[in-house]
Number of protein chains: 2
Amino acid sequence: MGWVRVSDGDQVYDKYAYEPFAVTVDLAVLTLRAGALHVLLVERGQEPYAGQWALPGGFLRPDESAETAARRELAEETGLSDVSGLHLEQLRTYSEPGRDPRMRVVSVAFAALLPDPPPDFVHGDPPLASPEPQGGSDAAQARWTPYDSARPLAFDHDRILADAHERVGSELEYTCLATAFCPPEFTLGELQRVYEAVWGTALDRPNFRRKVLATPGFVEAVPGAARLTGGRGKPAALYRAGPATTLQPPLLRPSREGRPT
Amino acid sequence: MGWVRVSDGDQVYDKYAYEPFAVTVDLAVLTLRAGALHVLLVERGQEPYAGQWALPGGFLRPDESAETAARRELAEETGLSDVSGLHLEQLRTYSEPGRDPRMRVVSVAFAALLPDPPPDFVHGDPPLASPEPQGGSDAAQARWTPYDSARPLAFDHDRILADAHERVGSELEYTCLATAFCPPEFTLGELQRVYEAVWGTALDRPNFRRKVLATPGFVEAVPGAARLTGGRGKPAALYRAGPATTLQPPLLRPSREGRPT
DNA sequence: CCATTTATAGTCAGTACGACTATAAAAAGG
DNA sequence: CCTTTTTATAGTCGTACTGACTATAAATGG
C-alpha cells in the first residue's frame, strides 16, 4: 500500500495502491402485513451463516452508485417490476473489520418501504423473486418475516435492522413518510396502523385524525366521496398522500421519557 | 468479476472477485469562530483539483473501520492531541461513479463538531497539523474557513458540506448536540449563538433561555455561582452540558414554512 | 454619570395536544 | 329484526408550550 506515481497518457497522477475492499449494499425492506411490521429476509445457502437468514443485498457493480445498486437489488429480491416509486433511503455504512469473515466488506445499508405487498406475494413459501443462483450466490429463498421474530440474523444484520427500525420510527415523527407504507389510496385508520405498528404503541384515534388533517399537505381527501369497506364498521373516507414532506409541528410518539438511538 | 471458489486451508469458500474500490473517509469539521460557523479545509497540492480547497479525508487502512479512520484523520488534520471527546458522526456515503476522476472511490462522510479551537489555532496561516507530505499526499495546508465562503470545493465536497450543515441544523432541533460546539463551561448566550450561527437566524433571548432551562438535563448550572466576563454587559452564569441527549419537545427553528433536505 | 450592552425575570395570548365523551354507520349474531 | 360489536367521525376541556413583548439588573466605555 501507499502512493505510487503512474503515467496515464500525457498526464501524471499519483495513485494510492489501496488495500482492496469489497463494497456491498444491504437492504432493510419493510412493509406492513396484517397490521404488523414485516421485513424481507433471504436464507443463506452458503457458508458463512449457511441456513441462517439475512438481509438481502449484493455487490456494487463497477458502474453503479450505491443507490443504483440498492434499487437493482430491491427489484431483484422483491420481484416487483417497477420499484422506481418506492421509498429508498440510505441508512449508514458498516465497515467494521471482520464483519464478514471471508474478506473485508464495507456495506452501505438502505431502508426501503413498501405498501402491503400485492397478493402474489403469498405467505413466504414461494420465493419472492428468482435470484439467479450463480456459483456461490448467497440468496436461496426470500420471505416476509414479522419484525419481532426476524432475529437472529447473519453477519451484523441484527444491528442494521435495528438501525433501520429506529430510523423509520424517528422519521414518522418528523416527516410524512408514513404514506410510503400505504397504497395510493388509504383510510386514516390504515395510516394510523402504520404508526402503531412501527412504534409499537396504540394511538388515540380522534387525536390522530385531528393531527393528520390539521397538517396541510399531509393527506388529501379523494374527492369522489369514495369509501372503502375493509371489514366491519362504518366505511372510512379515502385519502391520498399530499405534497408535504415534513410534519410541523412533529407527531411525537407517546411516553418516551428516555432517549432514542 | 464474479464468484470464484477458493480453498483456504481445510475450508472451501466462495469468494467474489470484485471490482476493486477505494474506500475513503471525508470530514466536515465544523466549529464556531467569533460567532460564525467555520469549516476546516485543506488545500490540494496535486491534481486533480490542485490548488483548490477540499474537505480533509483519507483512505481506510486495512484494519480500520470508517469511524476509526475518521477519528485518526481528525486528529491528524486538527493537530489536537486528544480527539476522543469530540462529537463525530457518520453522515452518509457517496459512491457516484466518477466522483473522483482518478479511480473508483467510495467515500464515507462524517461530521465533526469542535468547540472554538484553542489559541494555537491562529488564523489560518500556519497549518493546523503537519500532514506528512508523503509522495503524492493531497493535503498541503489546512485552514478554518467561514462556512459561507467555503465553496466551491473540490470533488463533490460542496454537496457533502451542505449535507453536513443540513444534518447539524436539523439535529440542533431535536438533540442536545449544540453543547458539542461549546467549551466545557459556557453561558447561555454562547449556546444561543451556536443555534443562531448554524441556523442563520436570530432567536429571542428570553424565550431561548426558558426553553433550554425547562428541558431537564440539557444544561446544568455550575454551582460555584461562577461567572464569565467575555466583554461588556452583565456577567452570565456558567453552565455545563447535562446528561440529556434529546430535546423533547424539540426546539424548532423559526419560520420554516418550506421543507428541509 | 450616562449610554450601551448583555443577562435575567416575567406577562399574555394563541396554539397544540392529551384525555375524554358522543354520535354515525356499517357488519355479525342471535 | 334487533342488539351487539366494530370502526369512523365530531366535538369539548384543561394543560403545556411557544412567540411576542416589557421590565429590571449588572457590567463596560466613554
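Per chain, numbering begins at 1; letters A, B, ... match sequence-line order. Everything quoted here is computed from the prediction, not taken from an experiment.
- Between L203(A) and P254(A) there is a side-chain heavy-atom pair separated by less than 4.5 Å.
- In this structure, the side chains of L188(A) and Y239(A) come closer than 4.5 Å at one or more pairs of heavy atoms.
- Cation-pi geometry between R92(B) and Y94(B) is met: the NZ or CZ atom falls under 6.0 Å from the ring centre, inside 45° of the normal.
- With respect to the salt-bridge test (charged N to carboxylate O, under 4.0 angstrom), the residues D163(A) and R159(A) qualify.
- Residue H38(B) is tested with T145(B), D148(B), L114(B), T31(B) for a side chain to side chain contact (heavy atoms under 4.5 Å, CB included); the sole match is T31(B).
- Salt bridge R143(A)/E43(A): absent, no basic N to carboxylate O contact under 4.0 Å.
- An end-to-end axis angle of 10° holds for the helix from dC1(C)-dG30(D) to dG30(C)-dC1(D), taken from five base pairs per end and rounded to 10°.
- Whole-Å rounding puts the Q248(B) CD to dT18(D) C1' distance at 16 Å.
- Looking at heavy atoms from C-beta onward, S95(A) lies in side-chain contact with E67(B) at the 4.5 angstrom threshold.
- In this structure, the CZ atom of F208(B) is 16 Å from the P atom of dT6(C), given to the nearest Å.
- Between V219(B) and V212(B) the shortest side-chain heavy-atom distance falls below 4.5 Å.
- One atom, CG of L213(B), and another, C1' of dA9(C), lie 11 Å apart when rounded to the nearest Å.
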Listing time: all N or O pairs from protein to nucleotides 13-17 of chain C that are below 3.5 Å?
residue, atom, partner, partner atom, Å
dC17(C), OP1, K211(A), NZ, 2.9

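- With ring centers used as reference points, Y174(A) lies under 6.0 Å from Y174(B).
- Seen from the ring of Y195(B), R193(B) does not count as a face-on cation partner, given the 6.0 Å and 45° thresholds.
- Atoms CG (L203(A)) and C1' (dC20(C)) sit 16 Å apart, rounded to a whole Å.
- In this entry the distance linking CG of L252(B) with P of dG19(D) reads 8 Å, nearest Å.
- The distance from atom CD of E190(A) to atom P of dT9(D) is 11 Å, rounded to the nearest whole Å.
- The listed nucleotides are dA7(C), dC20(C), dA26(C); the one nearest the side chain of P235(A) is dA26(C).
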Please enumerate all protein N or O atoms sitting under 3.5 Å from an N or O of nucleotides 1-7 of chain D, with distances to 0.1 Å.
residue, atom, partner, partner atom, Å
dT7(D), O2, K234(A), N, 3.3

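- Per the geometry, CG belonging to L191(A) stands 12 Å off P belonging to dT9(D), to the nearest Å.
- Counting heavy atoms from C-beta outward, I160(A) and L153(A) have side chains that stay 4.5 Å or more apart.
- Residue L238(B) contributes atom CG, which lies 17 Å from atom P of dT6(C) at whole-angstrom precision.
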